[in-house]
Amino acid sequence: MMPGREVFIEFSGSGRLNSIVNDACRWRKRGAYGDTGGNIERLYIIYDRLNNAENKVTFERDFRELLSAVKGTDKEKRLASQFITRFMEFFPLLYGDAIDALLDLCEDDDISIRKQVEKDMIGVCKKIVTFVPKVADVYAQLMQTNDGTELSSLQNCLISLFHIDAKATIVGIFSQIGGGEGIVRSRCLKFLSVQLKDLSPELTNDAFESTLLASVKKVIGGMNSEDFKTLIQILMETKLLKTISGQQAIVDMIAEQLDFEKDFDPTVPENVDRLLICCKHVQPLFSSQVSSAPFLVYFCKNVIPKLRDAQLLEEGNELAVDTLKTMADFASHITQIESSQALQCLEVVFSELLEILPLPPDDDDEHVVKYDFNFVECYLFAVHKLGQHAPEFLGDTDRLKDFRQRLQYFARSSQAYMKKLKEEFTLAQSQADAEFKGEENRIKIIAYKMIANINLIIKDLFHTPPLYKSAIRLSWRPLQKTNILQPGGLKRKSPAPGRNVLSPGKAARGNDRERILYQPPSGKFSKRSGAYSSPPSSRGRGGFRGGARINFKLGTKLFLKCLYLDGIHYDQYQNNKIQLVWLFVFRDAQKKNHRRRTWKTVMYKNTT
């Protein structure tokens with residue numbers, strides 16, 4: 001071929017790449033590239049030769065020439081990226097050189113070349129799946145770019161890799177999360193936290209989630225607090241939480257991060273912060289089948305005895321309160337704990353509780369004692385829960401006597417504080433104080449719940465022997481809408497004058513009284529039936545729902561039987577002294593056009 005001659009090559013292939021090359025050839029003929037040299041033409045000739053060859057592996061020399069084109073001009077780089085990814089699968093001995101050539105293009109200064117190579121590498125992964133982890137690693141590393149369009153393109157490429165091999169893609173991404181730079185790690189974690197939720201269930205199967213959990217375990221030890229939160233949140237979005245084994249696996253992983261065998265140093269704020277973060281995320285995983293006993297034992301042995309050191313820090317009291325609340329949360333899920341461990345925990349918690357509950361003074365003078373009710377609630381709740389597993393701890397008469405004296409002395413302050421809170425609530429409601437409904441009101445409601453919990457536990461402990469049966473809802477748990485001035489909760493609102501107080505269902509039943517009486521079926525039940533009278537229209541307070549109120553003699557024998565009837569009927573057999581009540585209620589199904597019959601219990605009472 002003569003130098004400088006214009007050449008137009010038509011390829012007979014039917015693939016997308018063939019179309020691209022044919023277009024490029026037309027551009028070349030029209031002078032679009034503006035390069036009259038022979039390098040571009042040479043690349044086209046190599047492509048034509050490899051595309052038409054039956055045994056492509058024999059053209060290794062031509063493929064090496066394509067690899068060397070990545071050092072050429074921008075136009076040669078673009079063509080080299082397309083041609084290398086097109087024929088790479090036929091030269092397994094040159095896989096390493098081909099990947100290195102593509103990686104060189106990924107580091108090019110021209111963003112358009114980088115974006116083209118990043119998309120071309122997806123084609124390589126579709127043909128050679130073993131390259132998915134390596135390519136995912138490269139994509140994750142390139143996410144440090146400052147160009148928004150390239151970052152979006154890289155994220156789309158990673159999503160494409162998930163559809164090729166999700167497990168291998170996770171492995172490649174986490175290789176950069178564990179060893180990459182800070183911006184790479186944070187962007188990869190953000191990408192996973194957003195995109196994993198949108199993957200189809202076919203991709204996020206059990207094998208994928210096992211690989212994800214194993215990858216998280218490898219890197220979570222070196223994460224800071226923010227990245228740690230993100231990793232745990234990623235696991236929380238998976239199906240692992242729907243199985244007991246998955247919940248237990250996450251709990252075990254967080255336990256490894258706390259390292260229960262290592263001493264806890266509360267003088268370092270980062271240690272306390274990491275402890276609380278771990279416990280905050282592990283708390284929702286505990287249940288009757290996933291016990292929190294190992295965490296509670298760790299708290300009682302290594303954390304609670306050193307809690308006073310944490311109070312020396314800036315804002316140390318808040319850290320101490322948060323730590324004690326975490327301990328109390330763990331105590332509510334100790335479904336499986338040995339008696340010996342429960343006794344060890346009780347020794348620690350009980351001794352700390354005695355430190356903040358003084359004995360009553362010997363003289364009659366008034367002594368002002370300031371109690372931290374947060375501490376008292378947490379310690380008392382832990383004693384109450386641990387005592388269920390080691391009731392012999394308070395079996396010591398002297399210990400129990402001393403403890404009750406302290407509790408009795410403390411109860412004076414708690415009851416006085418509760419009385420003061422009630423007065424404030426009453427005053428605020430009577431004055432309709434709008435400001436009282438804000439943050440101040442919320443804090444006082446929590447304080448009220450706190451005192452109520454303490455008094456309930458004290459009442460249990462003053463039984464002989466102490467009881468541990470009361471259900472306690474800790475004061476910092478989400479609030480329920482209740483009227484704290486009413487022990488039973490919210491009062492029932494009085495109806496407006498003239499308004500029916502019955503619910504729609506009850507009102508419908510009340511209208512049934514005006515119906516025409518149902519004629520009883522023939523047979524033994526109506527053989528000697530007499531005249532029937534209409535039941536009263538109002539049954540009064542406490543009246544029998546079937547009509548007139550029925551008074552039975554003391555000592556009557558009760559028989560229960562279910563009948564299926566179509567109306568309301570009252571039948572009394574005077575001779576046999578048998579009183580029979582037939583009840584029926586029609587209910588209209590909300591989403592159906594037919595009437596539904598219900599079963600009612602019919603009582604037979606023999607007065608003989």
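Everything numeric here is computed off the predicted structure, so don't read it as measured data.
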Task: Check ion pair Asp206-Lys239 (N to O, under 4.0 angstrom) - done: no

TODO: Give a yes-or-no answer on whether the side chains of Asn39 and Glu76 include a donor-acceptor pair shorter than 3.5 Å.
DONE: yes

Open item on the list: Is it the case that atom NZ in Lys190 sees more than 12 heavy atoms from other parts of the structure closer than 6.0 Å?
Closed with: no

TODO: Could you give me the CA-CA distance, side-chain angles and deciding distance for Phe83 and Phe63, then say whether ring-ring contact (aromatic ring centres under 6.0 Å, His included) is met?
DONE: CA-CA 9 Å; Phe83 296 165; Phe63 189 73; over 10 Å; no

Open item on the list: So that I can tick it off, tell me whether Arg61 and Glu65 are bridged by a salt bridge, with the cut-off set at under 4.0 angstrom between side-chain N and carboxylate O.
Closed with: no

Open item on the list: Walk me through whether Trp476 and Glu377 qualify under side chain to side chain contact (heavy atoms under 4.5 Å, CB included).
Closed with: CA-CA 11 Å; Trp476 56 86; Glu377 182 188 17; 3.6 Å; yes

TODO: Begin with the C-alpha distance, continue with both residues' side-chain angles, and end with the deciding distance and a verdict on side chain to side chain contact (heavy atoms under 4.5 Å, CB included) for Glu237 and Leu196.
DONE: CA-CA 8 Å; Glu237 298 292 340; Leu196 287 185; over 6 Å; no

- [ ] Examine distances only and state if a side-chain atom of Asp48 and a backbone atom of Tyr44 form a donor-acceptor pair shorter than 3.5 Å.
- [x] no

Open item on the list: Can you confirm whether the side chains of Gln233 and Ser193 place a donor and an acceptor under 3.5 Å from each other?
Closed with: no

TODO: Show the numbers, then the answer: is there a side chain to side chain contact (heavy atoms under 4.5 Å, CB included) between Phe162 and Thr204?
DONE: CA-CA 9 Å; Phe162 273 116; Thr204 57; over 6 Å; no

Task: Ring centres under 6.0 angstrom apart (Phe299, Phe330) - done: yes

Open item on the list: Can a donor-acceptor pair be found, under 3.5 Å and without considering hydrogens, that links the side chain of Ser152 to the backbone of Gly148?
Closed with: no

Open item on the list: Could you check whether Asp120 pairs with Arg86 (Lys NZ or Arg NE/NH1/NH2 to Asp/Glu carboxylate O, under 4.0 Å)?
Closed with: no

Open item on the list: How long is the straight-line distance from CD1 of Ile46 back to CD of Glu41, given to the nearest 0.5 Å?
Closed with: 12.0 Å

TODO: Would you name the heavy atoms of Ala98 and Ile84 that are closest together and state the gap between them?
DONE: CB-CG2, 4.2 Å

Task: Within 6.0 Å of NZ in Lys280, more than 12 heavy atoms from elsewhere - done: no

TODO: Please determine if Lys167 forms a cation-pi arrangement with Phe208, meaning its NZ or CZ atom is less than 6.0 Å from the six-membered ring centre and no more than 45° off the ring axis.
DONE: no

Task: Evaluation steps, side chain to side chain contact (heavy atoms under 4.5 Å, CB included), between Cys300 and Val349 - done: CA-CA 7 Å; Cys300 292; Val349 175; 3.8 Å; yes

Open item on the list: Do Ser175 and Asp137 pair up side chain to side chain, a donor and an acceptor below 3.5 Å, judged on atom types alone?
Closed with: yes

TODO: Give a yes or no answer on whether the side chain of Thr169 reaches the backbone of Leu161 with a donor-acceptor pair at less than 3.5 Å.
DONE: yes

Task: Main-chain N/O of Asn156 paired with Ser160 side-chain donor or acceptor, under 3.5 Å - done: yes

TODO: Assess whether atom CD of Glu181 is packed by more than 12 heavy atoms of other residues, nucleotides or ligands within 6.0 Å.
DONE: no

TODO: Would you indicate whether Lys217, at its atom NZ, is surrounded by more than 12 heavy atoms from other residues, nucleotides or ligands within a distance under 6.0 Å?
DONE: yes

Open item on the list: Looking at Arg78 and Asp110, is any side-chain nitrogen of the basic one under 4.0 Å from a carboxylate oxygen of the acidic one?
Closed with: yes

TODO: Could you check Asp263, Asp265, Thr323 and say which one makes a side chain to side chain contact (heavy atoms under 4.5 Å, CB included) with Lys306?
DONE: Asp263

Open item on the list: Using side-chain hydrogen bond (donor to acceptor under 3.5 Å, both in side chains), reason through Thr149 and Asp147 one step at a time and then give a plain yes or no.
Closed with: CA-CA 6 Å; Thr149 59; Asp147 186 89; 2.2 Å; yes

Open item on the list: Does atom NZ (Lys56) have a neighbourhood of more than 12 heavy atoms from anything else shown, all under 6.0 Å?
Closed with: yes

Task: Test log, rule side-chain hydrogen bond (donor to acceptor under 3.5 Å, both in side chains), inputs Asn205 and Glu209 - done: CA-CA 6 Å; Asn205 50 27; Glu209 292 187 343; over 6 Å; no

Task: Nearest-0.5 Å distance, CG of residue Leu275 to CZ of residue Phe295 - done: 10.0 Å

- [ ] Using a strict 4.0 Å threshold on nitrogen-to-oxygen distance, state whether Glu89 and Lys127 make a salt bridge.
- [x] yes

Open item on the list: So, using ring pair (Phe, Tyr, Trp, His ring centres under 6.0 Å) as the criterion, who are the partners of Phe59 when residues are at least two apart?
Closed with: none

Open item on the list: Distance check, rounded to the nearest 0.5 Å: Ile111 atom CD1 versus Asn146 atom CG?
Closed with: 10.0 Å

